[in-house]
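Only this structure's heavy atoms are used, side chains among them; waters, hydrogens and symmetry mates stay out.
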Amino acid sequence: MTSETALSRLTGHIERLGNALPHPFWIFVGFTIAIAVLSAAGAAFEGAVRHPATGEVQPIRSLLSRDGLGWLLANALENVARFRPLSLVLTMLVGIGLAERTGFFEAAIRRLMS
């Protein structure tokens, strides 16, 4: 009979929680919809925000309006390109993919085990 340690129970709970999460694509879609709805609500209540760099007060614009959707589509590439961590993540993905395809990981694991 094996007794579970507290650590193995904890890791089991964490694994079940992780398995219950939806695919990251659907999380992204959900956050995108939530931001669009919140922007529409903020615009409907005539909300405003202070720009952190200039201190200028700007009205909230709905992303669900014609102008908002136009802005979103026109600036989508620029928003992705200016997201600094993305370049690091993409570089790491290419390196990991290359190491996986060449068999480096398998060889390293075999070497460690022998």
Side-chain angles (χ1 to χ4, degrees):
M1 180 159 52
T2 61
S3 63
E4 278 192 61
T5 64
L7 182 60
S8 68
R9 283 194 305 272
L10 176 65
T11 56
H13 289 304
I14 292 171
E15 181 179 7
R16 282 189 291 283
L17 180 65
N19 290 340
L21 288 174
H23 191 276
F25 171 79
W26 293 114
I27 295 173
F28 176 79
V29 168
F31 279 135
T32 303
I33 292 169
I35 288 171
V37 169
L38 287 173
S39 73
F45 288 110
E46 298 179 358
V49 294
R50 185 175 305 278
H51 192 284
T54 64
E56 177 184 347
V57 176
Q58 298 180 343
I60 296 175
R61 293 176 281 179
S62 173
L63 292 176
L64 298 179
S65 68
R66 182 181 176 131
D67 291 336
L69 286 173
W71 178 88
L72 192 63
L73 294 173
N75 292 300
L77 185 59
E78 185 179 340
N79 286 338
V80 170
R82 287 188 176 186
F83 186 59
R84 298 237 185 253
L86 185 61
S87 61
L88 176 63
V89 169
L90 290 177
T91 304
M92 290 173 54
L93 282 174
V94 168
I96 290 169
L98 181 65
E100 179 72 29
R101 285 290 194 169
T102 60
F104 175 77
F105 289 141
E106 185 178 346
I109 291 171
R110 288 179 192 254
R111 178 78 172 160
L112 284 172
M113 297 306 267
S114 63

Notebook entry, point to check: Within a strict 4.5 Å, meaning less than it, do heavy atoms of the Glu15 and Thr11 side chains meet?
Noted result: no
Item checked: Summary of salt bridge (charged side-chain N to carboxylate O under 4.0 Å, His left out) pairs that have at least one residue in residues 102-114, sequence neighbours excluded -> Glu106-Arg110
Checklist line | More than 12 heavy atoms from other groups under 6.0 Å of CD on Glu46 | finding: no
Check: Are there more than 12 heavy atoms of other residues, nucleotides or ligands under 6.0 Å from atom CZ of Phe104?
Finding: no
Checklist line | Ile35 versus Leu63, closest heavy-atom pair with distance | finding: CG2-CD1, 4.0 Å
Next item on the list: First locate atom CG of Leu88, then atom CG of Leu93, and finally report the distance between them rounded to the nearest 0.5 Å.
Entry: 9.5 Å
Checklist line | For Ala43 against Ser62, the heavy-atom pair lying closest together | finding: CB-N, 3.7 Å
Next item on the list: Say whether Val37 and Trp26 are linked into one hydrophobic cluster, either directly or through other cluster members, by side-chain heavy-atom distances under 4.5 angstrom.
Entry: yes
Next item on the list: For Thr5 and Ser8, work out which heavy atoms get closest and say how close.
Entry: O-OG, 3.0 Å
Notebook entry, point to check: Once you round to the nearest 0.5 Å, how far does OG1 of Thr91 lie from CG of Leu86?
Noted result: 9.0 Å
Distance-only check: which donor-acceptor pairs under 3.5 Å involve side-chain atoms of residues 73-85, not counting sequence neighbours?
residue: Asn75; atom: ND2; partner: Trp71; partner atom: O; Å: 3.0
residue: Glu78; atom: OE2; partner: Arg82; partner atom: NE; Å: 3.4
residue: Glu78; atom: OE2; partner: Arg82; partner atom: NH1; Å: 3.4
residue: Glu78; atom: OE2; partner: Arg82; partner atom: NH2; Å: 3.2
residue: Asn79; atom: ND2; partner: Asn75; partner atom: O; Å: 3.3

Notebook entry, point to check: Distance from Ile14 atom CD1 to Leu17 atom CG, nearest 0.5 Å?
Noted result: 8.0 Å
Next item on the list: For Val57 and Ala48, work out which heavy atoms get closest and say how close.
Entry: CG1-CB, 3.7 Å
